[in-house]
Amino acid sequence: MMELLPQALTDGILLGGIYITIAIAFSLTYGVMHVIDFAVGEWIMFGAFTGYYLNKWTGLDPFIFLPVIFVIYFGVGYLVQPVIHRVLSGTKGNPFLMGLVFTFGLAIMFRGLALTAFGFYSNSIPSAFSEGSFNLESIGLTVTIPTVRLMGLAYAVAITLILHYLLKKTNFGLGVRALAQHKDAAGLMGVNAKRTGSYVYGIYVGISAMTGVLLGCILSIGAQMGNEYTIFAFFVVVLAGMGYLAGVPWAALLLGLVQSIFMIYFNPSHTLLAVFVILYIILLISPRGLFGKGV
Amino acid sequence: MKFGFVRVLLLIAALFVAIPVHAEQRNFYKIGVITELSGDLVTGGNITKRGYDLWAQEVNAKGGIEVQGKKYQVKLVYADAQSNPAAGAAAAERLITQEKVDFILGPYSSGVTLAVAPVVDKYKVPMITGSAESPLIWKNKFKYTFGTIPPINFTGATSIKTLTELKPAPKTIAIIGSNDAFSKATAEAYKTAAEKAKLKIVKFSIVPSGQDMTPLLSAVRSMKPDVIAFGGHDEEHVKFVKALKQIGYTPKALLMHCGITDKAFTDAVGKDGEQIFGTTCWTGTAKTKSKVLWPTASAYAAASQKAFKNPGDYTQGGCSAAGIAFQTALQKIGAKPGMDEAMRAKLVQALEQIDVQTFYGRVKFATSGEFYHANVGLDPLTIQIQKGQIKTVGPKASVEAAAQYPMKEWKSR
């Protein structure tokens, strides 16, 4: 069974790559806006369907039009954010809970809309990258790396690096970090909370939509797919430490590796149980996530 | 606090005012339908809906169900089980106590059916599910629950037998099932049949529903089984095929169950669906003859194509056949709409006695044993997707085309 270990680790890392793409922008939006967006899975689903139809109409490979999807959904996010901002900045009741309820409602509404618009069948987005795989037998390892999943990992790394650059090396990033730390103080320093929030939410929705296209190439798409990904996004972000962006890739990789190793070496039906037990243990030891740096 | 309480009371009162209250004088059958119109199993739920709808449309187009010289139209009242057994049970309770339905057309999934069956027994309202296939339903011997699709342990064995008759005969098999009532039962049915056929089972795993199974399939690949058999639902079928292709492993035969007979599966996976085997008990090309509604399987497929731009699969067909079973039993006992408890009990007796040829094949419910109230009138079929078409490849008496075996490598398609 030990000869399976390299493959188990590879599968885990590739799975982790998928989880990074699902969770990283979700973590960003929580860090800045302090809203847990329960509609994250639905943004992923809308992106997936947009990719599916664009592929059908143009016949082009979905990886080519990822930037187009980003631009479209950045616009959508930019327009939706003021509504969420209004809910969150209310003075009555508990704005945080109102935000949760609002995004939860959005998710249900989006799912219903998608069922009506796209129908109930599952689908798949064809890509030239879905065809091949790399075999490492030539270097003595029985490991297969599917090209499309490798592309997914490359995309995850690219998104992480771009976000890192944006947050650490640009003035916009400085504003975002200031906003994440203290909204009022950032305002006094000249950071426009409303506009920055809109940009951040736009970036988050754009990235989530692109992730949807990727998932459509690797797995399958359907109007109900969002729910599953919302749970994983939430899970990774809690494990990483709420709002701690740098923890997301590690939490995602840990989740992927646990799942992969458990599926191969233990009883696969207990995979999710194992994942949750590990989460609980980590949170018991370090309540603010893997690195103790969550909000 | 006090004001809040008053507001709640006012809201409730407004709701009551909004509900139209009138004693119903019915000259039509009011039929409750509980199925999964949202949630994870929404695809299957909507396929059952199409089956029930098509039956109702056809009956009403012919003027209704003729009972003692008078025709009564049918009206379907839907309740969403939300792919959740508890929601399904609550929906059944509402349909029976508030909507006062005459009888019920049942859920898509076995899990929801198992939750609804005790409710219909409690209120003594007959139900036929046109879809659920877990043997557990029939082993529980619910008096008021019937089903038009045979249980998976009855149908699954046929496919394993067909595979063992291929040349050169496969020797090893890996069996994987998703963790829900139906899919688990499918995997277990394949396991029992494989053990009986002396196929060596190299892996048997049940995985949580909706999971990415790639790591597990990587482990399966290292065991190089001749056959991989999978029990799951529609979305999982698509994921399964894609994962196998991504890890580059082509077994000699890939066997799945429900869902692959629907056009949507071949649409989703394209040429990768080619040569996949499946288990079913009906296809649009089956050689059935009937005097009730559609005369043949192909006439049904054509009607479905016209209504839904889809020829329909065995689940949809099973649901339309459930309607025909009720229709036949109602006519047999002369039951008019608005049945009381005694009449509903008579309806159950009539259902136990019917033996009717439909476009779907023979419908005859078992009245004892492990298949109690399941349809045992059908012959299970093994099918294979060939050039995008569903072809029956076993058992020998029903063969439409020779089985293609072993499967073409993914990369050479």
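Just so you know, these numbers use all the heavy atoms, side chains as well, and skip hydrogens, waters and symmetry mates. Here is how names work: the chains are called A, B, and so on, in the same order as the sequence lines, proteins then strands, and each is numbered from 1.
Proximity to chain A (any heavy atom under 4.5 Å) is restricted, for B/R221, to the side chain, taken from C-beta onward. Residue B/D262 touches chain A through its side chain alone, counting heavy-atom pairs closer than 4.5 Å. Interface remark: A/F129 contributes no atoms to any contact with chain B (heavy atom separation under 4.5 Å). Using a 4.5 Å cut-off between heavy atoms, A/L14 does not touch chain B at all.
Counting heavy-atom pairs closer than 4.5 Å to chain B, the top residue among A/E228, A/R111, A/H270 is A/E228. Listed options B/I176, B/L217, B/D212 were ranked by heavy-atom pairs under 4.5 angstrom with chain A; first place goes to B/D212. No other option in A/N227, A/T271, A/I218, A/N123 has as many heavy-atom pairs under 4.5 Å with chain B as A/I218.
Rounded to the nearest 0.5 Å, atoms CD (B/E236) and OG (A/S220) are 9.0 Å apart. Rounded to the nearest 0.5 angstrom, A/S130 OG and B/W410 CH2 are separated by 13.0 Å. The CD atom of A/Q7 sits 9.0 Å away from the OG atom of B/S222 when rounded to the nearest 0.5 Å. Taken to the nearest 0.5 Å, the NZ atom of B/K49 stands 9.0 Å off from the CZ atom of A/F120.
Looking only at atom types and distance, the side chain of A/S122 has a donor-acceptor partner in the side chain of B/D234 under 3.5 Å away. Between the side chains of B/Q211 and A/Q259, at least one donor-acceptor pair of N or O atoms lies under 3.5 Å. Between the side chains of B/T214 and A/D11, no donor-acceptor pair is found at a separation under 3.5 Å.
Contacts between residues 36-43 of chain B and chain A, defined by a heavy-atom separation under 4.5 Å, are made by B/L37, B/S38, B/G39, B/V42, B/T43. Scanning residues 238-247 of chain B against chain A with a 4.5 Å heavy-atom cutoff picks out B/V238, B/K239, B/K242, B/K245, B/Q246, B/I247, ordered by number.
Closest heavy-atom contact between B/P208 and A/P268: CD-O, 3.1 Å.
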- [ ] In sequence, state the C-alpha distance, the side-chain angles, and the governing distance for B/N179 and A/S269, and then conclude on side chain to side chain donor-acceptor pair (under 3.5 Å).
- [x] CA-CA 7 Å; B/N179 201 2; A/S269 61; 5.3 Å; no

